[in-house]
Engineer: 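Structure provided below as structure tokens; questions to follow.
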Amino acid sequence: EGGDIIQYGRDILCGVDPVSTDEAGSAWFKRVMEERGYRVHRQTFNRIEIHLLAQMNIIRPDLGLMCDEGFEGHKKCDFLTKGAGKDVKFIKITSKEVHGGGADVVMLDEKRVLVSSLQPRVADELAKNGLEPVTVPLTWAPKFASGIRCCINIIHRDKSELTDLV
């Protein structure tokens, strides 16, 4: 499922959970994407909310959001421990914040990021890291385990806007 996919250039994190993207689905995704030149890293997690994207997100090459509780008891994949992801600074979020939209934010361009209005601390942390949070009054979506990216279909990003991520 889309909420279990986090792309970082040619690397893709794929969340593995029995409810959303299970072992068989993640193995199929890995095979298909690796045939196309991507490196797929499967990551298990504790389901605080239904998808990996609620627990963690990489929002620019050097910055992400992560709820450590979402990974307690799970081995972090090589991408996060030895690969490009090891150099990402992760802003820590709580399980309560995960329920309010969590790491499910969307970059609009190199500076602006959409954040749920239910996440004032997350917005402040993103601002401390040089981003301009644009808050969205998203009060109903978290009741259905959804966040901002769940409500948006990204169909095109200009490569000049996010060159390091494409």
Side-chain angles (χ1 to χ4, degrees), residues 1-93 98 101-115 122 125-126 129-134 145-166:
E1 292 193 29
D4 286 327
I5 305 302
I6 300 170
Q7 185 178 355
Y8 187 90
R10 300 303 288 178
D11 288 286
I12 300 174
L13 284 164
C14 178
V16 180
D17 176 78
V19 175
S20 55
T21 304
D22 63 14
E23 285 288 340
S26 67
W28 171 85
F29 180 78
K30 180 177 173 65
R31 181 182 53 78
V32 167
M33 296 309 290
E34 287 184 348
E35 288 172 359
R36 288 160 176 77
Y38 290 89
R39 293 173 298 273
V40 176
H41 312 275
R42 297 190 291 172
Q43 177 65 58
T44 57
F45 59 96
N46 298 320
R47 194 164 43 90
I48 297 171
E49 286 291 354
I50 194 165
H51 292 119
L52 177 65
L53 187 62
Q55 273 77 227
M56 74 167 291
N57 196 353
I58 299 174
I59 54 178
R60 70 178 192 211
D62 64 338
L63 187 66
L65 298 164
M66 183 182 290
C67 177
D68 287 337
E69 291 175 59
F71 301 96
E72 288 176 358
H74 296 268
K75 181 182 178 212
K76 289 188 179 171
C77 66
D78 285 348
F79 171 79
L80 292 172
T81 59
K82 300 175 191 169
K86 73 176 177 30
D87 296 324
V88 174
K89 172 188 174 185
F90 285 99
I91 296 168
K92 302 301 180 193
I93 60 173
V98 168
D104 194 345
V105 302
V106 174
M107 289 295 294
L108 293 174
D109 54 36
E110 291 178 352
K111 288 288 184 189
R112 296 177 302 149
V113 58
L114 293 177
V115 182
V122 172
E125 290 296 322
L126 292 169
N129 282 276
L131 295 174
E132 179 187 331
V134 178
S146 296
I148 289 177
R149 196 177 104 178
C150 297
C151 301
I152 294 174
N153 285 318
I154 299 171
I155 52 176
H156 176 76
R157 282 191 174 142
D158 185 331
K159 288 184 180 184
S160 67
E161 293 176 359
L162 297 170
T163 54
D164 291 335
L165 294 177
V166 181

Engineer: Nearest heavy-atom pair of V16 and S26: which atoms, and what distance?
Structural biologist: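 Scanning both residues, the minimum pair turns out to be CG2-OG, 3.5 Å.
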Engineer: Could you measure the distance from the CD atom of E72 to the CZ atom of F45? Nearest 0.5 Å is fine.
Structural biologist: 14.5 Å
Engineer: Return yes if some donor-acceptor pair links the side-chain N/O of D11 with the main-chain N/O of H41 below 3.5 Å, else return no.
Structural biologist: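 Answer holds: no.
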Engineer: In Å, rounded to the nearest 0.5 Å, how long is the span from CD1 of I5 to CD1 of I12?
Structural biologist: 6.5 Å
Engineer: Can we say R42 and E23 salt-bridge, meaning some charged N sits less than 4.0 Å from an Asp/Glu carboxylate O?
Structural biologist: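 Result for this pair is yes, salt bridge flagged.
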Engineer: So do the side chains of L63 and I91 get within less than 4.5 Å of each other, counting heavy atoms only?
Structural biologist: yes
Engineer: Kindly say whether C14 contributes a backbone atom to a donor-acceptor pair with the side chain of D4 at under 3.5 angstrom?
Structural biologist: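 Answer holds: no.
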Engineer: To the nearest 0.5 Å, tell me how far L114 CG sits from I59 CD1.
Structural biologist: 11.0 Å
Engineer: Report yes or no: does Q55 contribute a side-chain atom to a donor-acceptor pair with the main-chain N or O of R47 at less than 3.5 Å?
Structural biologist: no
Engineer: Measure across H51 and S20 and return the closest heavy-atom pair with its distance rounded to 0.1 Å.
Structural biologist: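 In terms of heavy atoms, the two residues are closest at CD2-CB, 3.6 Å.
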Engineer: What are the two closest non-hydrogen atoms of Y8 and P61, and how far apart are they?
Structural biologist: OH-O, 2.8 Å
Engineer: I need the minimum non-hydrogen distance between A54 and V98, along with the two atoms involved.
Structural biologist: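 Where A54 meets V98 most closely, the heavy atoms are O-CG2, 3.6 Å.
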Engineer: Any heavy-atom pair between the side chains of N129 and K89 that's under 4.5 Å?
Structural biologist: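 Side chain of K89 against side chain of N129, heavy atoms only: contact under 4.5 Å found.
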Engineer: Return the CG to CE distance between L80 and M66, rounded to the nearest 0.5 Å.
Structural biologist: 5.0 Å
Engineer: Ignoring hydrogens and angles, tell me if any N or O in the side chain of K76 forms a donor-acceptor pair with the backbone of T81 under 3.5 Å.
Structural biologist: no
Engineer: Measure across V115 and P133 and return the closest heavy-atom pair with its distance rounded to 0.1 Å.
Structural biologist: CG2-CB, 4.2 Å
Engineer: Using 0.5 Å steps for rounding, measure from the CD atom of E35 to the NZ atom of K30.
Structural biologist: 12.0 Å
Engineer: Any chance you could lay out the side-chain contact (heavy atoms from CB on, under 4.5 Å) test for K92 and D68, step after step, and finish with the verdict?
Structural biologist: CA-CA 7 Å; K92 302 301 180 193; D68 287 337; 3.2 Å; yes
Engineer: Would W28 and D22 count as a side-chain contact (heavy atoms from CB on, under 4.5 Å) if you check the C-alpha gap in whole Å, the side-chain angles of each, and the deciding distance to 0.1 Å?
Structural biologist: CA-CA 10 Å; W28 171 85; D22 63 14; over 6 Å; no
Engineer: Check for a donor-acceptor pair, side chain of D109 on one end and backbone N or O of K111 on the other, with a separation under 3.5 Å.
Structural biologist: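 Indeed, once roles are kept as given, a pair shorter than 3.5 Å links the two residues.
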Engineer: Check whether any side-chain heavy atom of L131 sits under 4.5 Å from a side-chain heavy atom of R60, and report yes or no.
Structural biologist: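 Yes, their side chains come closer than 4.5 Å.
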Engineer: Side chain of Q43, backbone of K75: donor and acceptor closer than 3.5 Å?
Structural biologist: yes
Engineer: Do F79 and L13 have side chains that get closer than 4.5 Å, going by heavy atoms?
Structural biologist: yes
Engineer: Kindly indicate, with the supporting measurements, whether the criterion side chain to side chain donor-acceptor pair (under 3.5 Å) is fulfilled by T44 and H74.
Structural biologist: CA-CA 6 Å; T44 57; H74 296 268; 2.8 Å; yes
Engineer: So do the side chains of Y38 and V32 get within less than 4.5 Å of each other, counting heavy atoms only?
Structural biologist: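 Result no, sub-4.5 Å side-chain heavy-atom pair not found.
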Engineer: Would you say N57's side chain and V105's backbone share a donor-acceptor pair under 3.5 angstrom?
Structural biologist: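 Such a contact is found between N57 side chain and V105 backbone.
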Engineer: What's the spacing between D104 CG and L65 CG if we round to 0.5 Å?
Structural biologist: 10.0 Å
